[in-house]
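Report on one structure; see the data block that follows.
What you see below is based on every heavy atom in this structure, not just the backbone, and it leaves out hydrogens, waters and symmetry mates.
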Amino acid sequence: MKVTGILMIIGGGISIILGIIAALGVAALAYISDGEISSAMLYASVALMIVSAVAQLIAGIIGVKNCKKPEKAGTCMVWGIIVAVLCVVGTILNSVGGGSFSVFSLLLGLVLPVLYIIGAGFNKKEYIA
């Protein structure tokens, strides 16, 4: 839990920074195109990216903070599931927006949340036993 939590904190922090840069890029694109390009899907993607990054950051912090507290394993599992669902939603939004669907990309994005959920499951078993 602690290792995956730290990795999620790092990934979430980097994703927040990249999300802000992406938002600035979308704003610049919308300004340059002078309304000729519909940027609604781009803004939705950036918003989802930032929300997902914040959820990942929160999950990481909760995981590191509660890695030695088996009674908090349920909370960690919920946050891991939230991050995994947001990853799937992001992949679906990418496909709907005209991007190609990549199973490899989806699986790669789910590795850390799944490991986080498995770690929370092991903590929960320790609490029950």
If you compare all heavy atoms of [X] against all heavy atoms of [Y], which two are closest, and at what distance to 0.1 Å?
X: A55; Y: L86; answer: CB-CD1, 3.8 Å
X: V64; Y: I9; answer: CG2-CD1, 3.9 Å
X: A53; Y: S15; answer: CB-CB, 3.4 Å
X: A120; Y: A73; answer: O-CB, 3.3 Å
X: A22; Y: V46; answer: CB-CG2, 3.9 Å

Joint cluster assignment, [X] & [Y], ILVMFWY side-chain distance < 4.5 Å:
X: V111; Y: I10; result: no
X: L115; Y: L57; result: no
X: V103; Y: V114; result: yes

Would you say S105's side chain and F101's backbone share a donor-acceptor pair under 3.5 angstrom? no

Donor-acceptor contact below 3.5 Å, side chain S33 vs main chain A30: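 Here the side-chain-to-backbone pair exists.
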
Distance in Å, [X] [atom1] paired with [Y] [atom2], rounded so as to fall on 0.5 Å steps:
X: I16; Y: S52; atom1: CD1; atom2: OG; result: 10.0 Å
X: I17; Y: I50; atom1: CD1; atom2: CD1; result: 11.5 Å
X: L18; Y: M49; atom1: CG; atom2: CE; result: 5.0 Å
X: M1; Y: C67; atom1: CE; atom2: SG; result: 7.0 Å
X: T75; Y: K65; atom1: OG1; atom2: NZ; result: 10.5 Å
X: L48; Y: C87; atom1: CG; atom2: SG; result: 9.5 Å

Between [X] and [Y], is any pair of side-chain heavy atoms under 4.5 Å apart?
X: C76; Y: N123; value: no
X: L93; Y: M41; value: yes
X: Q56; Y: L112; value: yes
X: K124; Y: P70; value: no
X: Y116; Y: V83; value: no

How does the hydrophobic cluster around F104 look, that is, which other residues are in it when side-chain heavy atoms under 4.5 Å mark a link? L108

Give the C-alpha distance, both sets of side-chain angles, the deciding distance and a yes or no for side chain to side chain contact (heavy atoms under 4.5 Å, CB included) between I58 and I62. CA-CA 6 Å; I58 291 170; I62 289 172; 3.7 Å; yes

Going by side chain to side chain contact (heavy atoms under 4.5 Å, CB included), I92 matches just one of V96, V89, N94. Which one? V96

